[in-house]
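Presented below is the structure to which this report refers.
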Amino acid sequence: MDFSIKTFDAKSTVNATKTGCLVVGVFENKKLSASATALNSKGEVAAALKSGDISGKAGSSLLLRSLDGAAAERVLLVGLGADEKNVTDKAYLQAVNAAAKMLTGLGASDAVIDLPMPQGRDLSWTIRSNVLAFHESVFRCDAMKSKKDPATNGVKKIAFVAPAKDAATAKLALAQSTALANGMNLTKELGNLPPNICTPSYLAETAKKIAAEFKMGVEILDRKQLQALKMNSFLSVTNGSDEPPKFIVLKHMGGKAKDAPTVLVGKGITFDSGGISLKPGANMDEMKYDMGGAASVLGTMRAIGEMKLKLNVVAAIPTCENMPSGRATRPGDIVTSMSGQTIEILNTDAEGRLILCDALTYVERFNPAAVVDVATLTGACVTSLGHHNSGLFTRHDDAHDKLANELLDAGKQTGDTAWRMPIEEAYNEQLKSNFADMANIGGPAGGSITAACFLERYTKKYTWAHLDIAGTAWKSGSAKGSTGRPVPLLTTFLMNRAG
Ligand code: BES
Ligand code: MN
Ligand code: ZN
């Protein structure tokens, strides 16, 4: 899909626009936007509203052909809600999704989008929303299908109308949004691939490809190197699997050489059977998505690489399978983590924290400006926040409040939202073990919080935040598939940091 920016002037007007489909907004109050007024020379747009053929409600749409006075072959009216002055984010997104869906079924090969902006939003927001919606509408997961399911979308070229004075801003926003969409597509593809294909080695190869394409540094540590580093907690998770574990380090040094990097750590369990604490069979296939943290970190690296973001960013990804076998870790086993702290593994299904804690110790060497780990960590997070918000956890002091707000704001900017949860001493006590420094589970109450408390013990040397994306990384049911979240949140967080 090819996007561009179009500006109107005295010669190139909305009526003179030659395109397969021109998309304009209409409202429930039936008043016409400037563009709709121009196209209404014979009263056809007003008549469509008056007759009730289109209500103007957010997401309603009506296709008109060969409109008098318009050079466009088709005009697609889309509803944006009550009136032009009060377009909400939600109404705008509904309208764009309706347009994307409609254009999918059209014979047109190109389209021009000329919609008013929502209240309080800018051109960058608007362009990003369009680019992401159109990419989502044509996304197919057919990598493993013998017959590819081609996007029926005839529309290959989409132009956004922007005021002439903002053309440069619009072009930059378009390039950044395209990089973001490409990053999200990579995250979705990795997530949707089956666990027999998307193995730790496959993720490592993907990181190498990103490094080669976007000139990043890459290092893949293998089992021997992990043993030398004393990552016994990470290694305990991989014991039952025949797939070799990998530890991926990917470095984008877009900032000044001496600037402290922002570090992203992603949970990369390519299949979580639970291990000896085996999961129930129903929906176990969805545990192929347990590398969603790793996939979103790789997608984010791809996005900032394509953007040539002026910031130092290091990705660290521990990746392995969690499988039962005669060599698998037993409930009751005690391991010594890279940090020296000992862990009693009471449940082998609480494995994410076991691989992350060693990664969090490893990244100390980068003297990070901040560390954000991303993980499909707990079912409890899905229970508490559902599928709308990722869970955000940090300590509660000024530096961490600032980091938390940066992440929350990046989420609000992109609609990829997170909700802050507590980390407090009282929860920490649930991790007490009679035999080791801590247990790897804290009982059924507050499961996402005790998991975060566990990780917190390995992050004392830097400013740190944890995102639990168990509810947001993929969808179940008939729409089963990776969402690409939280790539928009993470990428925007890094863009804001780059300034
Ligand atoms: N990967 C799962 C978390 C998960 C489960 C995410 C279901 C999304 C949907 C994680 O490794 C896990 O199994 N967590 C356990 C922890 C428990 C044993 C303390 C859980 O959430 O049940
Ligand atoms: Mn598990
Ligand atoms: Zn898991």
Side-chain angles (χ1 to χ4, degrees), residues 191 195 198 200 203 233-234 236-241 243 245 265-296 317-324 328-333 343-357 359 373-391 393 421 427-428 430-433 438-455 466-477 480-483 485-486:
C198 188
L203 290 180
S233 182
F234 174 18
S236 75
V237 177
T238 197
N239 278 351
S241 167
E243 282 293 334
V265 176
K267 171 179 173 183
I269 297 289
T270 58
F271 187 72
D272 181 11
S273 70
I276 297 296
S277 311
L278 195 64
K279 285 183 181 296
N283 303 323
M284 204 205 271
D285 67 290
E286 293 191 10
M287 282 298 114
K288 71 174 183 177
Y289 290 113
D290 211 17
M291 35 57 80
S296 66
I317 297 172
T319 172
C320 69
E321 276 186 340
N322 185 21
M323 298 291 261
T329 295
R330 294 154 285 256
D333 281 2
I343 305 162
E344 186 184 15
I345 300 173
L346 290 176
N347 189 320
T348 64
D349 197 12
E351 85 297 340
R353 62 199 80 182
L354 296 175
I355 71 168
L356 288 170
C357 69
D373 79 70
V374 193
T376 50
L377 200 63
T378 64
C381 191
V382 190
T383 305
S384 51
L385 294 174
H387 300 290
H388 306 295
N389 285 297
S390 301
F393 302 78
M421 303 275 279
Y427 296 96
N428 233 309
Q430 291 175 229
L431 294 171
K432 193 176 164 299
S433 157
M438 70 197 78
N440 78 326
I441 52 170
S448 69
I449 306 172
T450 51
C453 288
F454 180 97
L455 297 178
H466 158 60
L467 281 169
D468 193 331
I469 58 165
T472 52
W474 78 92
K475 287 183 184 155
S476 308
K480 192 186 287 181
S482 168
T483 60
R485 291 177 71 178

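Basis for what follows: all heavy atoms, side chains included, without hydrogens, waters or symmetry-related copies. Counting convention: from 1, in listed order, for ligands and their atoms alike. Model, not experiment: these values are computed from the prediction.
- Note that the CG atom of Leu377 and the NZ atom of Lys267 stand 5.5 Å from one another [nearest 0.5 Å].
- Note on Asp272: counted as a metal contact of the Mn ion (ligand 2), an N/O/S atom lying under 2.8 Å.
- Taking the N/O/S atoms of Asp290 in turn, the shortest distance to the Zn ion (ligand 3) belongs to OD2.
- Of all protein heavy atoms, the one lying nearest to atom 6 (C) of ligand 1 is Ala470 CB, 3.6 Å.
- The shortest N/O to N/O separation between Thr376 and ligand 1 falls below 3.5 Å.
- In this structure, the separation between OG on Ser241 and CG on Asn322 is 9.0 Å, given to the nearest 0.5 Å.
- For atom 18 (C) of ligand 1, the closest non-hydrogen atom on the protein side is Asn347 ND2, 3.5 Å.
- Residue-level proximity to ligand 1 for Ile269 is absent, since no heavy atom of it falls below 4.0 angstrom.
- Within Glu351, OE2 is the N, O or S atom that lies nearest to the Zn ion (ligand 3).
- Contact between Met421 and Ser384 at its shortest, heavy atoms only, is CE-OG, 3.8 Å.
- Of the possible polar contacts, none joining the Asn347 side chain to the Ser277 backbone as a donor-acceptor pair under 3.5 Å is found.
- In this structure, CG on Asp272 lies 13.0 Å from CE on Met291, to the nearest 0.5 angstrom.
- The two residues Lys288 and Gly191 have their closest heavy-atom pair at CE-O, 3.8 Å.
- No side-chain donor-acceptor contact under 3.5 Å links Glu243 and Thr270.
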> Given Ser390 and Thr472, is the side chain to side chain donor-acceptor pair (under 3.5 Å) satisfied, shown in steps?
Replying inline: CA-CA 6 Å; Ser390 301; Thr472 52; 2.9 Å; yes
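- At the shortest separation from atom 19 (C) of ligand 1 among protein heavy atoms lies Ile441 CG2, 3.4 Å.
- Distance check, rounded to the nearest 0.5 Å: CD1 of Ile345 to CD1 of Ile276 gives 11.5 Å.
- Residue Glu351 approaches ligand 1 through these ligand atoms, each under 4.0 Å from one of its heavy atoms: 11 (O).
- Among protein heavy atoms, the minimum distance from atom 20 (C) of ligand 1 is reached at Gly379 N, 3.9 Å.
- Glu286 does not count as a contact of ligand 1, since none of its heavy atoms falls under 4.0 Å from the ligand.
- For Asp272, the N/O/S atom at the shortest distance from the Zn ion (ligand 3) is named OD2.
- Of all protein heavy atoms, the one lying nearest to atom 3 (C) of ligand 1 is Leu377 O, 3.4 Å.
- To the nearest 0.5 Å, atoms CG (Leu455) and OG1 (Thr450) are separated by 10.0 Å.
- The shortest contact between atom 15 (C) of ligand 1 and any protein heavy atom is with Asp349 O, 4.0 Å.
- Atom OE1 is the N/O/S atom of Glu351 found closest to the Mn ion (ligand 2).
- With a cut-off of 2.8 Å, the Zn ion (ligand 3) has an N, O or S atom of Lys267 in range.
- Smallest separation of non-hydrogen atoms from Gly293 and Ile469: N-CD1, 3.7 Å.
- Between Trp474 and ligand 1, not a single N/O pair is under 3.5 Å apart.
- Side-chain atoms of Asp333 come within 3.5 Å of backbone N or O of Arg330 as a donor-acceptor pair.
- Contact annotation: the side chain of Phe393 never approaches that of Asp373 to less than 4.5 Å [non-hydrogen atoms, C-beta and beyond].
- Considering backbone and side-chain atoms alike, Arg353 places every N or O at 3.5 Å or more from each N or O of ligand 1.
- For atom 2 (C) of ligand 1, the choice among Asp272, Thr383, Val382 with the nearest heavy atom turns out to be Asp272.
- In summary, Asp349 places no N/O/S atom under 2.8 Å from the Zn ion (ligand 3), failing the contact criterion.
- Under the 4.0 angstrom criterion, atom 11 (O) of ligand 1 counts as having a protein heavy-atom contact.
- Rounded to the nearest 0.5 Å, atoms CG (Leu356) and CD (Glu351) are 9.0 Å apart.
- Annotation: Met287 places no N or O atom under 3.5 Å from an N or O atom of ligand 1; distance criterion only.
- Residue contacts with ligand 1, taken as heavy atom pairs separated by less than 4.0 Å, involve Lys267 solely via side-chain atoms from C-beta onward.
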